[in-house]
Structures are given as C-alpha cells and as structure tokens.
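In listed order, ligands and their atoms are each counted from 1.
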Amino acid sequence: MNPNLLQTPIDYLKGVGPSRAELLRKELGIHTYQDLINFFPNRYLDKTNYYKINQLQQNSAEVQIVGKIVNIRTVEQQRGKRMVAEFVDETGKMELVWFRGHKWIRENLKINTPYVIFGKTNWFNGLFSMPHPEMELLEEHEKSLRTAMQPVYPSSEKLVNKGISNRVINNLMQQLFIETKGRFYDTLPKNIHEALKLISRSEALFNVHFPTSQELLSKAQFRLKFEELFYIQLQLLVKNMIHKKRIKGFVFETIGANFEDFYNEHLPFELTGAQKKVIKEIRSDLGSGAQMNRLLQGDVGSGKTIVALMSMLIALDNGFQACLMAPTEILSVQHFQGLIDLCKELNTSIEILTGSTKASKRREIHEKLENGELDILIGTHALLEDKVKFKNLGLAIIDEQHRFGVEQRSKLWQKNSLPPHILVMTATPIPRTLAMSLYGDLDVSVIDELPPGRRPIKTVHRYDSNRLKVFRFIRDEIEKGRQIYIVYPLIQESEKMDYKDLMDGYESIAREFPMPKYQISIVHGQMKPADKNYEMERFVNGDTQIMVATTVIEVGVNVPNASVMIIESAERFGLSQLHQLRGRVGRGAEQSYCILMSGHKLSEDGKTRLQTMVSTNDGFELAEVDLKLRGPGNLMGTQQSGILNLKIADIVKDNQILKSARAYAKQMLTEDPDLQKEEHAMVKYTYAQVAKHKNIWNYIS
Ligand code: ADP
Ligand code: MG
C-alpha cells in the first residue's frame, strides 16, 4: 500500500463530515487516517454471551441483550428531563434510560425493531434499567466485522454527547479498513519478525481493532507494543549517540593529588559497593572527551554527598573549578558545612554563596572565582546570577534536580568555552522502568545500597483518634533525648487552610508540650528566610525538641538526633513526598520511627499509599507503586515528556517488551548506525515519521 494514503486528512473518510472531523481532531487528536488506525482500544468486552432479561442479576455487570423497544417517553424530573424506553424480550421487560442526547435518540431509535443493547444494569423498584446503553440494530450487528471481543475505545463525555459513540468509532475503523484494503506496510525488519515470530503489521492492526480470536488479539497487541517501544528506544539511542559525538567536554584525564589523598588518607568511612561503582562511572565519563550529563539517583541517606565531593576533586585535580547547587539556603549551608568537614585535611578552598551572603563577602567571592583562587562554590540560585563568573568551571553538581528548571540549569553553561560536566543528584527515585524509557539506559547512575549499620525506620499508620497514644510516645522519645518532626501538608490551592491547620496543630502541640520543659520550633513557607533559618538552627542545635513544619523541610535536611517523623493528614501527600519526609529521620544510630496520621475516611489510593509506606523503605519500590497509582503522566518532571503518551504499550506492565525492544534497537544501531542497509530502509522511513511527531524531551541537557 502507498504509505501516503495514511496521511489523508480524516475529513475524507466516508462517514466523517466536517463537524465530526473537528471533534475527532479536538477531542482525540485524530487528524489523519494514520492517527485513526493508531487509535487503539483500551479494553475489550466479552460479547460471547447474550442474556435474557429474566437471567439478569442484581450485580450490575455489563451485559448484552437482544430485544425491542416498545415505547419511549420523557419523564420530567427535578433537574432536567430523562428519556425512558421500555425494552422487552420474550422473557420480560426492562427500561433504557438517557439523561442526555434526547434529540438524537428520538430521531434515530426505531420502535419494535430488534436491537442488540449493551451496558451496565441497575436494579430499582423491582425493575432492571440500563442507562445510556450501546445500541445496534440486530441486522447490522449480524453483518458487521465485529466479533465476540469488542473493542472499547477511549472516549470523552463531549464525544458521547455529540453522538460519537464507541459504535461510531468502530464503524469508522471498519470504513478505514475498507478504503485501505487493510494492507499496511511493515515497519520492522525481517530478522526481528522471525526471531520474535511476529505477525505482520496488517494482521496486527486488523486484529487489534477486530479481534478474531483471543490468541490473535494477544499477538497483535504484542506486535504493536513492541513496535511502539522499539521506535522510542531507537530514538533515544540515536539521540544519545549524537550527543556523545557532538557535545565535546573537558577531558579530565588525571586522577591527581586531591582525589588520591582524600581517597587514601581521609575517607571517613569505607565506601559502599554502590558508591564505588558510581564514582567509577563518573570517572569514566569525565575522561571520555564528551560532556557528562549524568543523573545520580540514590535514596535519602544513601551517601550521595561524598560521591559529589570526589567528583569535584577530580575536577580540581585537572585544574578546574566545581560548584554544587542546592534548592534551599538550609541545604546549601548543610552541604557547605559537610564538605568543609570532609575537606579539612585537604588544601581546597570552598565558599558558600546564597541570597543572604553579605555584599562585601559576595564581592570577595566574585573576585576569587574569577581569578581562580576559589576551587569549590556551594550555593543556591544565587550561583546563577550574572555577576557570578567562574574562571574555569569544569563540573556543576545540582542537588535535588526537580527544584530547578531546565533553563536555569543551562545558565551554568554560558560561563565557559565548553559546557561543564553536569551531575544531577536526586533522591526522588525515578522507577527503573521509567528511567529506561526516558533515557535509554545511558547516563543514569544509581546508588542502590545504603551504608551499613543503618536501622530501617519503623513506619506505622495511626488514626487521629489515637493521638493521645502518639503524644505519649513523643514524650517518651524526648525523655530519651531524641527530637521530633511534626509535618503538615502544604498544598498550593489552599495555602490559607494549610496555614490554619499548621497553626491549630502548633497550638495543640504547645498545649500538650508546654514551655519551659519543652521547646518547639516552627517553620513554614510564609516566614522570612532569616526567621526560617533561625528556627531551623535552634532545632539543629538541639535547643528545641520538636519541629512543627510544613513540607519546606522535605529536602535534604540532616538532623541525626531526630528520630521521629510524624506526618499529619498523611493521606494528602503523594508517595514520593512521604518517602522524602520519612528520610529526614533514621540518620543517626538510634531506632527511628515514622508515624503517618490520618482520619478514618480514606480513599482507595490513599489507603494503598499508606499501606505501601508501612510495608517498605525502598524508594524504588515506592516509585513503582506511585507510577502504577498515578500513571506516568503525573510523575514529577515527566509531564512534558511526549514519549510517555504511549498509544498502546504500558511502561509499567510492558517492561519486558521494553527491554527486548531496546536490545534489538541497540543491536541494529551497532550493526548499522545510519540505517543505510537495504533491509533497514523501512525502519529509516518509519523512524523519520515517528521522530517528526514525537519529540523526546531533553531531560538533562
Ligand atoms: P544523601 O544521599 O541523602 O545525600 P548523605 O550523603 O547525606 O546522603 O549521607 C547520609 C549519611 O551517611 C551521612 O551522614 C554520611 O556521612 C553517611 N555515609 C555516606 N556514605 C557512607 C558509607 N559508605 N559508610 C558509612 N556512612 C556513610
Ligand atoms: Mg543529600
């Protein structure tokens, strides 16, 4: 078939008028024949069974019934009208009900003519009814292409209201197969077809829309999922190849005095295997001649800081400067103090620059940066100001990447002849499944091991009604010399309410834990940075035993003596946030606890989240659950990612197919990097088509 036929605008398909075309474009993004053919059902209904009305059960399952409408009437009700049809078969009667689309129904439905209806039934006042049934004339039903497994296409209320039902989509699909004769060019090379015993693309497309058997449907889905994932992986791999070739980076070939000295003489602890592995990966990047663009993922407390330091030491060994950016002042200060401590035996100069750095100090830093006296600069967004000019920035490390936008990061680039190497560190675990489809498998390092001797945090879920017990527990822990966090949700839309919650909470805590015996810090988003720091410091220094806060303390704060994290209205937090918060404790030698407070009313998802938190400490496991609960579109930082708008594959469920697709894509590019070979011509063509439509989001660089 001529591939160009598929580019025909959808308006030209028989059965699609201008208004339908407009709806298809607007609501479903279907512009061409090709878009329609790639509009896949999201489930299938088993229509092997026909029910009789007297067989219906009160469990409201989806059923299919053959019968006739004997009359239609309109019933006035408080809010609007409803249209009710009496529907009978030889065993009994029931009602069909419509709340919308009355005009269309009145004009189109036929009385006393056999229909096949399909839908959910309700049982009310001794009578079954079916709201908004799918309907088809029995005569049509018998001669259509449709089969026992009926596809259900994604839809919207607007489409249904305008009469574009599932049935209509189905008919359009049928028309499309007639016009194209159902012959579609194949997009995968022969060797893959043979190795995976794939059915042809034409057969797959037909069976995904009109399954002729369960077996063929599975084969069709496999084939199409594989194809979709294969082209995404191909694109990612090509992008990475281009990146490696084009963007030159400084070559850090020597591992010199700073690194060696630190490694051999001043390591405060034995590195974990995972830390060693990651440092090796970074070292190899830094020496490769291409600019490093690496994401370092490691759960809270996994020891990313020392990896950052050792990477920076390599930069210094090669005559370059390095910087470390953190999202908040508090974190910058902690990094600064931590690094100063680690480097106390080394001959490195380190400074910190934040919004509250005094003007005179600021000038001094600017100067030392430009003349190269300063080796390492730590700080907040203040590092991105125009006045901050490095003599030769070789490595930029960004902690907790999700707080910085892409454009902000690239500002660091503008200060050099070549871009500095970039290492982004995050404790927000991106599920492996997702990371792989976002980046191929390149340039992601994972610290998947915690330093030895950590005691896993004990997590429990308590209802508000058990608050007194929780208070008693807090008292006992404070008695033992521990410190406590109590965190309240902060949700943008209702900041006022959150503030009130926090203050109410603070008051009741203050009553329960009165001064002078107890001291309480409070930190929230509406405070001035200086006040925040002051309160934070009192807690860090152990002057206060309880820290009442909103989620501003979420990221990175390190108070090893804090052993209890209490999260109020825990059901309102997402999993990754809960996990981040929990990571604030468990940093010392003592047993730590996380207590998730909630009311009794919980949504299913809320319940699942709390249960998951109780059952695991593994950030990656949590991220996988999060992905399943919320879908990839909602994960932090992935919204812009076009590649996640998958048409048929599911990044979580189809992970095996993804891996296989990636392996084949890789193999193909290794053998034929420019896709020049005859047998790859169709791949090259399809690749160009796909690349035109799906632009892979540039995640790091
Ligand atoms: P994060 O990955 O959350 O940034 P940090 O780098 O702050 O973690 O490390 C958390 C704590 O673990 C720090 O107190 C650090 O000194 C300690 N630590 C890091 N690596 C090791 C190790 N290999 N052995 C023992 N303790 C370690
Ligand atoms: Mg950290």
Side-chain angles (χ1 to χ4, degrees), residues 259 262-282 294-313 322 324-328 330-346 350 352 376 378 380 397-404 423-430 444-457 483 485 536 540 553-563 565 576-592 594 617-620 622-623:
F259 187 95
F262 182 78
Y263 189 76
N264 295 323
E265 309 290 338
H266 306 301
L267 263 187
F269 35 68
E270 171 97 16
L271 295 178
T272 63
Q275 285 169 321
K276 285 186 194 161
K277 177 195 73 188
V278 166
I279 290 171
K280 225 179 180 173
E281 287 165 349
I282 293 170
R294 185 170 282 278
L295 180 70
L296 171 57
Q297 293 190 57
D299 217 335
V300 277
S302 62
K304 293 184 292 295
T305 312
I306 198 147
V307 172
L309 172 64
M310 294 178 72
S311 313
M312 291 197 282
L313 293 179
L324 170 58
M325 281 207 303
T328 65
I330 295 170
L331 273 175
S332 306
V333 171
Q334 285 204 350
H335 271 307
F336 179 62
Q337 286 164 347
L339 291 183
I340 289 273
D341 193 44
L342 284 169
C343 295
K344 57 183 182 281
E345 312 284 342
L346 301 181
I350 308 179
I352 179 168
I376 295 174
I378 295 162
T380 54
I397 300 182
I398 300 163
D399 197 9
E400 302 297 350
Q401 110 284 358
H402 56 269
R403 303 286 168 111
F404 289 104
L423 181 67
V424 177
M425 306 197 294
T426 178
T428 307
I430 296 171
V444 181
S445 288
V446 182
I447 304 185
D448 50 5
E449 179 185 0
L450 290 182
R454 290 275 165 82
R455 292 202 205 184
I457 300 161
Q483 287 167 285
Y485 289 107
M536 212 43 231
V540 173
I553 56 140
E554 177 189 338
V555 180
V557 174
N558 191 19
V559 181
N561 190 50
S563 65
M565 167 61 67
S576 76
Q577 219 179 5
L578 288 172
H579 183 59
Q580 285 277 336
L581 286 169
R582 177 167 62 183
R584 296 309 107 218
V585 296
R587 303 187 148 231
E590 308 303 327
Q591 176 63 56
S592 290
C594 176
N617 270 308
D618 181 339
F620 284 101
L622 287 165

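- Contact analysis leaves Gly298 out of contact with ligand 1, as no non-hydrogen atom separation drops below 4.0 angstrom.
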For this session: Give the intermediate values and the outcome of side chain to side chain contact (heavy atoms under 4.5 Å, CB included) for residues Ile282 and Met310.
Result: CA-CA 10 Å; Ile282 293 170; Met310 294 178 72; over 6 Å; no
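- Nearest heavy atoms, Met312 versus Ile397: CG-CD1, 3.6 Å.
- Ring-plane geometry between Phe262 and His266 is classed as tilted, the angle between the planes lying from 30 to 60 degrees on a 0 to 90 degree scale.
- Under 4.0 angstrom from ligand 1, there are no non-hydrogen atoms of Gln334.
- Closest approach of Ile350 and Cys343 over heavy atoms only: CD1-SG, 3.9 Å.
- Counting heavy atoms closer than 4.0 Å to ligand 1, residue Ile447 contributes nothing at all.
- Applying the 4.0 Å criterion to heavy atoms of Asp299 picks out, from ligand 1, the atoms 2 (O).
- Under the 3.5 Å distance criterion, with hydrogens and angles disregarded, a donor-acceptor pair is assigned to the side chains of Glu281 and Ser445.
- Checking only distances, Ile306 never comes within under 3.5 Å of ligand 1, N or O to N or O.
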Would you give me the side-chain donor-acceptor pairs under 3.5 Å for residues 267-275, sequence neighbours excluded?
residue : atom : partner : partner atom : Å
Glu270  : OE2  : Lys276  : NZ           : 3.4
Thr272  : OG1  : Gln275  : N            : 3.1
Thr272  : OG1  : Gln275  : OE1          : 3.3
Gln275  : OE1  : Thr272  : N            : 2.8
Gln275  : NE2  : Gly303  : O            : 2.9

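- Every atom of ligand 1 with a heavy atom of Thr305 under 4.0 Å away is listed here by number and element: 4 (O), 5 (P), 6 (O), 7 (O).
- Checked by distance only, ligand 1 and Leu271 stay at 3.5 Å or farther apart across all their nitrogen or oxygen atoms.
- Of all atoms in ligand 1, numbered sequentially from 1 with element shown, those under 4.0 Å from a heavy atom of Glu270 are 22 (C), 23 (N), 24 (N).
- If you number the atoms of ligand 1 from 1 as listed, the ones under 4.0 Å from a heavy atom of Arg454 come out as 10 (C), 11 (C), 12 (O), 17 (C).
- Residue-level proximity to ligand 1 for Arg587 is carried by the side chain, the only part with a heavy atom below 4.0 angstrom.
- Formation of a donor-acceptor pair under 3.5 Å by the Gln591 side chain with backbone atoms of Pro456 is found in this model.
- Per-residue contacts place Thr272 under 4.0 angstrom from the following atoms of ligand 1 (heavy atoms of the residue considered): 23 (N).
- For ligand 1, the atoms lying closer than 4.0 Å to a non-hydrogen atom of Ser302 are 2 (O), 8 (O).
- Distance OG1/Thr380 to CG/Leu331: 10.5 Å, rounded to 0.5 Å.
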